[in-house]
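Single-structure report; data block below.
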Amino acid sequence: MRFSRAYIPTTKESPKDAQLPSHIYLSRAGFVAQVASGLYNFLPLGKRVLRKIETIINEEMAACGALEVDLSFVTPAELWQESGRIEKFGKELLRFRDRKDNLFVLGPTHEEMMVSIVRNRITSYKQLPLNVYQVKTKFRDEARPRFGLMRAREFVMKDGYSFHATTEDLDREFDAMEAAYKRILERLGLTFRIVEADSGAIGGTGSKELMVLASSGEDTLAVCDTCEYGANVEAARRSPRVVIPEAPEATFAKFKTPNIKSIEDLSNFFHVDPYYTLKAVVLRAVYEEGSEPVCFFIRGCDELQEVKARNSVGAIDLVDISEAELAEIGLVPGFIGALDQDKIRFVMDNDTRNATSMICGANEADYHFVGVDLSVMGDVPFADLVAVAIGDGCPHCEGKLLHTKGIEVGHIFKLGTVYSAPLKAEFLDENGRSQPFIMGTYGMGVSRLVAAVIEQHHDEKGCIWTHTTAPYMVNVMVSNIKEEAHLAYAEELYATLGTHKIEAILDDRKERFGFKMSDAELIGFPFTVIVGKELNNGHVQILVRATSEMITVDADKVMEKLTELIG
RNA sequence: CGGGGCGUAGCUCAGUAUGGUUAGAGUACUUGCUUUGGGAGCAAGGGGCCGGAGGUUCGAGUCCUCUCGCCCCGACCA
């Protein structure tokens with residue numbers, strides 16, 4: 001490609017709306033242009049990057065035997081009514097009617113459509129397993145699109161679905177997909193972590209997220225400093241505490257604790273570690289129909305993890321509750337305890353099971369119990385409710401957990417029969433019995449990956465593309481095109497790169513040196529060959545974008561050097 | 001969906017508190033000359049329904065009402 005004939009509208013100023021580096025540089029360097037909230041046009045450079053990522057995905061999917069399909073973007077609303085997701089998705093589903101007044105939605109994801117294409121066609125266990133996928137535009141009418149390509153309404157996603165006769169076979173495929181996704185991200189040159197994720201309300205038996213590590217990531221991860229373990233904080237686990245604070249000596253008693261409401265006050269009042277106090281967090285659990293207040297009991301030294309809490313009671317949402325509402329139930333904030341608790345539904349954290357020497361509220365203003373043995377609680381609901389903190393022990397090894405930020409670029413999920421059962425997508429097993437397909441789903445955000453690469457690889461000058469994602473590997477820059485010998489040399493080098501199948505662009509624009517250099521750095525070609533006054537001494541220079549290193553090489557040895565650098 | 005902010009040249013923004021000739025700057029663009037290793041200089045140009053609609057006024061970019069759009073914080077995000 002000749003730069004003079006390309007369409008690469010670079011700008012010196014950032015669009016005022018851009019906040020993230022990826023948004024700023026992808027806009028400034030002319031990869032994408034915003035159309036409306038959450039909608040972007042991909043300009044020639046952006047399209048090239050998108051296609052490179054797609055190609056790598058396709059290659060890895062082919063290696064796993066997954067089959068590419070392409071489903072209609074416009075989907076009949078009936079399918080969504082059948083699965084019950086038309087209500088669940090709500091306003092995120094963009095709906096419209098055709099000329100015959102039939103209702104359609106723009107596909108936000110394609111579980112229903114995928115199930116529909118195999119339903120009544122795959123009818124025997126002998127035809128299983130099957131893994132089909134597509135790389136396709138999706139549309140979700142997000143309440144608040146933001147961060148450029150990171151959270152757009154229209155975006156490109158690879159979504160794959162596998163169908164199995166047994167859960168063992170699903171497990172095998174799930175592992176194969178995890179390995180394939182790992183290879184894809186490795187090939188893209190990204191630093192990432194595969195983490196355990198919250199399976200959420202949808203259930204299923206396993207869910208993992210692929211997180212590109214970047215400070216601007218929207219998700220917080222707990223990762224082990226020693227082993228591979230990592231999890232979204234919504235699902236992170238920790239090892240049992242190894243250092244247990246010394247237990248206070250106390251026999252069971254009711255104690256007057258005037259106006260001692262917070263864990264901190266309580267801990268100071270009794271001179272005990274918060275570990276031995278019982279924290280009560282009351283929230284209103286919201287369900288499909290109605291809501292109810294629920295109390296979550298955890299150790300005073302811990303924090304409640306709301307997603308875990310929500311899952312423990314099967315709620316759609318947890319919302320704050322007012323003191324007035326608490327008073328109505330007959331609870332006194334600051335003095336809520338678990339013993340003889342009959343006023344409210346409650347869940348205990350696993351770590352409070354059989355706890356002794358505890359201090360907890362007496363369910364009466366200004367009184368706490370001390371020396372409480374929670375093993376007397378008997379048969380009450382327990383669940384993992386606590387947020388993993390920095391420094392907690394890894395559940396798999398001796399390491400410590402750290403927090404880091406990640407961009408979710410992939411999510412793989414064992415669905416089981418969540419969709420196949422309601423959609424009546426069934427096959428006959430070996431015994432001739434009708435069974436719903438056991439399914440897995442594997443998503444990867446292709447357009448989000450474009451942004452993720454830049455979030456992880458940029459500097460104050462602009463983009464730094466990895467070798468596999470760069471729109472062009474080499475930029476041959478002619479410092480001054482009026483120098484005929486320089487231009488001729490560059491033309492020849494450009495042609496040679498072409499014969500060696502190295503993607504190159506020739507910057508033959510009638511611009512000054514500084515202007516072209518700034519563009520080269522902003523766009524982020526991995527290598528820029530500077531053909532200029534050094535050529536008079538028989539040399540050219542190669543700018544290595546990632547390191548800003550300027551390598552001077554003999555003019556007739558450039559190809560060798562480039563080949564070596566590209567690797 | 002709650003709270004806040006912003007819409008003026010392709011882009012980034014002044015101007016709006018206190019209404020008053022022909023609406024500005026920088027940048028980008030066009031033409032000419034000079035310059036040519038880090039976003040060049042001089043000169044001359046083109047480019048605007050001041051987001052839209054209604055109102056107040058002799059007169060509205062500026063005041064009032066209503067709308068539409070975009071951004072930020074939060075809620076939400078299989």
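Predicted model, so just to flag it, every value in this text is computed and none were measured. Per chain, numbering begins at 1; letters A, B, ... match sequence-line order.
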Record whether the side chain of [X] comes under 3.5 Å of the base of [N] through a donor-acceptor pair of N or O atoms.
X      : N      : answer
A:R512 : B:rG37 : no
A:K533 : B:rU36 : no
A:E13  : B:rG39 : no
A:E511 : B:rG38 : no
A:D519 : B:rG39 : yes
A:Q541 : B:rG37 : yes
A:R151 : B:rC77 : yes

Notebook entry, point to check: Does A:A555 offer a backbone N or O that forms a donor-acceptor pair with the side chain of A:Y489 under 3.5 Å?
Noted result: yes
Taking atom [atom1] in both [N] and [M], compute the distance separating them and give it to the nearest angstrom.
N      : M      : atom1 : result
B:rG54 : B:rG74 : C1'   : 34 Å
B:rG61 : B:rU16 : P     : 14 Å
B:rG59 : B:rG45 : P     : 35 Å
B:rA44 : B:rG4  : P     : 49 Å

According to the Watson-Crick and G-U wobble definitions, with both distances under 3.5 Å, which nucleotide is paired to [N]?
N      : answer
B:rC1  : B:rG74
B:rC29 : B:rG45
B:rC66 : B:rG52
B:rG59 : none
B:rU21 : none
B:rG39 : none

Candidate nucleotides [options], ranked by approach to the side chain of [X] - the nearest:
X      : options                : result
A:R28  : B:rA78, B:rG39, B:rG37 : B:rG39
A:S37  : B:rC71, B:rA75, B:rG38 : B:rC71
A:F515 : B:rG37, B:rC73, B:rG39 : B:rG39
A:M517 : B:rG39, B:rG38, B:rG37 : B:rG38
A:R85  : B:rC70, B:rA78, B:rC76 : B:rA78
A:K12  : B:rG39, B:rC72, B:rA78 : B:rG39
A:T10  : B:rG39, B:rG38, B:rC76 : B:rG39
A:R144 : B:rA75, B:rU36, B:rC70 : B:rA75
A:A143 : B:rG38, B:rC71, B:rA75 : B:rA75

Notebook entry, point to check: Any idea how A:F31 and A:W465 line up, ring-wise: parallel (<30°), tilted (30 to 60°), or perpendicular (>60°)?
Noted result: tilted
Note to self: Is the positively charged end of A:K414 above the ring of A:F174, judged by distance under 6.0 angstrom from the centroid and angle within 45° of the axis?
What the structure shows: yes
Notebook entry, point to check: Does A:F139 have A:R153 sitting over its ring (NZ/CZ under 6.0 Å from centre, angle to axis within 45°)?
Noted result: no
Next item on the list: Indicate syn or anti for B:rA17, taking the glycosidic torsion and treating anything within 90° of 0 as syn.
Entry: syn
Check: Mapping A:Q19 and A:K16 onto RNA chain B by nearest heavy atom, which one lands closer to the 5' end?
Finding: A:K16
Notebook entry, point to check: If you measure from OG1 on A:T109 to CE on A:M114, what distance do you get to the nearest 0.5 Å?
Noted result: 9.0 Å
Note to self: Any heavy-atom pair between the side chains of A:T137 and A:E154 that's under 4.5 Å?
What the structure shows: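 Yes, close enough: below the 4.5 Å cut-off.
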Notebook entry, point to check: A:E408 near the nucleic acid: base, sugar-phosphate alone, or nothing, with a heavy-atom cut-off under 4.0 Å?
Noted result: nothing
Notebook entry, point to check: Do the side-chain N and O atoms of A:R85 and A:Y419 include a donor-acceptor pair separated by under 3.5 angstrom?
Noted result: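 Yes - a donor-acceptor pair under 3.5 Å links their side chains.
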